[in-house]
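By convention in this document, chain letters (A, B, ...) are assigned in the order of the sequence lines, proteins followed by strands, and residues within each chain are numbered from 1.
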There are 2 protein chains.
Amino acid sequence: MSRLKQITEAVRDAGSLGVADLATMTGASEMTIRRDLEVLAAQGVLERYRGGARSLLLRGEEPPFALRSDENTDAKRRIAAAVAALIADGESVVLDSGTTCLEVARLLHDRRLTVMPLSLHAVNALSSSSTLTLLVPGGRPRPGELALTGPLTLASLQALRFDTAVIGCCGLSAAHGLTAFDLEDASVKRAAITSARRVIAAVDASKLTRTALAHVAPVSALHAVVTDADGDDGLTAAGVTVVTA
Amino acid sequence: MSRLKQITEAVRDAGSLGVADLATMTGASEMTIRRDLEVLAAQGVLERYRGGARSLLLRGEEPPFALRSDENTDAKRRIAAAVAALIADGESVVLDSGTTCLEVARLLHDRRLTVMPLSLHAVNALSSSSTLTLLVPGGRPRPGELALTGPLTLASLQALRFDTAVIGCCGLSAAHGLTAFDLEDASVKRAAITSARRVIAAVDASKLTRTALAHVAPVSALHAVVTDADGDDGLTAAGVTVVTA
DNA sequence: AGTTTCGAACATCACTCGTGTTCAATCACG
DNA sequence: CGTGATTGAACACGAGTGATGTTCGAAACT
């Protein structure tokens with residue numbers, strides 16, 4: 001686990017912590033801790049005060065993109081590979097934001113497809129491809145996450161029909177369906193689902209038990225769920241194809 | 001001048017050249033030349049054949065973005081600074097594609113503005129800003145240039161009104177007005193101009209004498225031209241404010 | 001068949017990035 | 001107002017990275 005993530009969690013759990021404590025805990029020098037705190041403060045994770053920092057992460061809120069991106073990479077890669085295998089050449093695909101979908105984007109780089117990613121991270125991962133047709137949706141990128149949201153994004157989605165939507169989400173359960181932390185994100189995801197003939201949800205195991213704030217769609221809107229765990233959680237019973245990567 | 005640019009020009013001027021010739025000319029090893037040719041071939045600049053390469057650049061065509069980006073940086077920076085000085089805090093700005101406008105984007109990073117860049121390069125330069133509101137237009141990014149074009153881009157522009165449009169162009173003259181190499185680009189520029197109350201053209205000296213294929217707008221559509229040369233070329237006579245950086 | 005060209009693999013070098021150390025300036029608190 | 005803790009700028013160091021050169025077996029052209 002990266003030191004930044006370690007600091008983030010320690011400060012979140014303790015509420016606030018001193019620089020010296022963090023230095024002891026991580027084995028790094030105080031100067032390095034200060035530099036780390038500066039980075040995390042810029043990301044909005046915590047707030048600095050003289051001698052330490054206090055957490056700004058609310059419970060049930062997502063840590064910023066930069067911290068999630070190199071976490072659980074194995075599971076993400078396997079899920080991404082399984083998702084990519086479900087997509088046939090020539091399809092048009094709308095690709096959700098989030099770290100799991102970013103992995104999917106990397107695997108699609110040399111495929112022959114039409115892809116509209118909903119996050120600038122994925123756009124950048126794909127912009128050097130010469131084989132696929134890249135479509136950028138309009139919108140306002142959310143800081144850090146770089147997920148595109150807002151009326152321009154919704155308009156871009158409504159103007160098009162896709163073969164497949166690949167949706168990454170913050171929570172999924174048979175009872176509450178697909179849920180997201182951010183209200184704007186939720187409406188974008190909903191628009192993406194509406195514009196697609198087939199919907200694939202890419203969900204790592206940690207999301208299967210969780211439920212987030214904003215409702216996106218019921219489980220019945222999904223055609224397939226790709227996950228890395230065995231826990232089925234009643235999804236199969238609800239009529240969804242569950243693919244275990 | 002970078003070795004890649006040197007090779008590009010030598011091959012363009014000679015039509016085709018051998019690897020050994022290029023190695024002698026640049027002082028690099030043949031292996032390095034081969035690697036360079038591979039890069040340039042991927043950019044569509046030239047075509048490789050056994051023993052050398054032949055140019056694919058048509059006369060009057062623009063070299064790819066990667067080769068233009070670190071060329072004439074002084075002039076570009078000065079022009080960009082002058083353009084940035086013309087923009088007041090709080091404005092909404094649409095920012096054209098191209099290397100000059102990318103420099104403008106860098107200068108706007110910490111300003112308080114609403115900015116819609118028409119190229120992904122500029123989007124990336126601005127996406128880490130916490131002070132400005134970044135709007136991404138939809139569209140299909142042109143390979144290399146990453147300029148957004150197509151119906152999604154036009155729709156994004158038509159949906160909004162800007163205070164200022166900053167346009168970079170391929171050619172500008174009092175007689176033929178603003179011209180661009182690419183037809184798609186031309187219609188995007190035209191839409192950007194139509195959506196803006198004030199239009200600033202950022203043009204380095206080399207463009208002032210040139211005329212490109214596609215007509216964008218007459219000189220009368222411009223409110224100010226920022227350039228680095230003294231040559232006025234009848235623009236002032238046509239009623240345009242010329243700012244010399 | 002012989003010669004040339006090519007590109008994969010490895011070595012080398014410069015450069016960057018992250019980290020640690022030092023120290024003067026700054027801040028908080030008695 | 002003074003004293004000790006904290007901070008951040010500046011420099012040093014080491015690991016990792018990217019560009020270049022060299023070698024050599026394979027492939028291609030004549």
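Atom CG in B/Leu4 sits roughly 14 Å away from atom C1' in D/dG18 (whole-Å rounding). The nearest whole Å value for the distance from the CG atom in B/Asp36 to the P atom in D/dA19 is 10 Å. If you take CD1 of B/Ile33 and P of C/dG7, they are 14 Å apart, rounded to a whole angstrom. Atom-to-atom, CE of B/Met31 to P of C/dT12 comes out at 18 Å; the value is rounded to the nearest Å. Taking atom CZ of A/Arg34 as the reference point, atom P of D/dT6 lies 8 Å away to the nearest angstrom. In this structure, CG of B/Leu37 is placed 8 Å from P of C/dC6, rounded to the nearest angstrom. Between B/Glu30 atom CD and D/dT22 atom P there is a gap of 11 Å when expressed in whole angstrom units.
A/Thr26 and A/Gln6 share no side-chain donor-acceptor pair at under 3.5 Å.
Closest heavy-atom contact between B/Leu148 and B/Val188: O-CG2, 3.7 Å.
Side-chain atoms of B/Asp163 come within 3.5 Å of backbone atoms of B/Ser92 as a donor-acceptor pair (strictly under, hydrogens ignored).
Put simply, A/Arg48 has a side-chain N or O that comes within less than 4.0 Å of OP1 or OP2 on D/dT7. Side-chain N/O atoms of B/Thr32 include one lying less than 4.0 angstrom from OP1 or OP2 on D/dG21. Between D/dA19 and B/Arg3, no contact under 4.0 Å exists linking OP1 or OP2 to a side-chain N or O.
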Report the C-alpha separation of A/Arg106 and A/Glu103 in whole Å, then their side-chain angles, then the decisive distance to 0.1 Å, and conclude whether the salt bridge (Lys or Arg N to Asp or Glu O under 4.0 Å) test is met.
CA-CA 5 Å; A/Arg106 299 207 172 104; A/Glu103 285 300 327; 2.8 Å; yes
Apply salt bridge (Lys or Arg N to Asp or Glu O under 4.0 Å) to A/Glu9 and A/Lys5, showing your working.
CA-CA 6 Å; A/Glu9 294 187 354; A/Lys5 181 134 195 71; 3.5 Å; yes
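If you check distances only, the side chain of B/Arg35 does reach the base of D/dG21 with a donor-acceptor pair under 3.5 Å. The base of C/dT4 is paired with the side chain of B/Arg50 by a donor and an acceptor separated by under 3.5 Å.
Screening residues 110-127 of chain B for salt bridge (charged side-chain N to carboxylate O under 4.0 Å, His left out), with sequence neighbours left out, gives B/Asp89-B/Arg111.
Within a heavy-atom distance below 4.0 Å of DNA chain C, the residues of residues 13-28 of chain B found are B/Val19.
Side-chain contact between B/Ser97 and B/Leu146 is absent, with no heavy-atom pair separated by less than 4.5 Å.
Comparing the axis of the opening five pairs of the helix from C/dA1-D/dT30 to C/dG30-D/dC1 with that of the closing five pairs yields an angle of 30°, rounded to 10°.
Checked options B/His121, B/Lys76, B/Arg68; the residue passing with B/Thr99 is B/Lys76 (criterion: side-chain hydrogen bond (donor to acceptor under 3.5 Å, both in side chains)).
Between atom OG1 of residue B/Thr153 and atom CD of residue B/Glu184 there is a gap of 8.5 Å, rounded to the nearest 0.5 Å.
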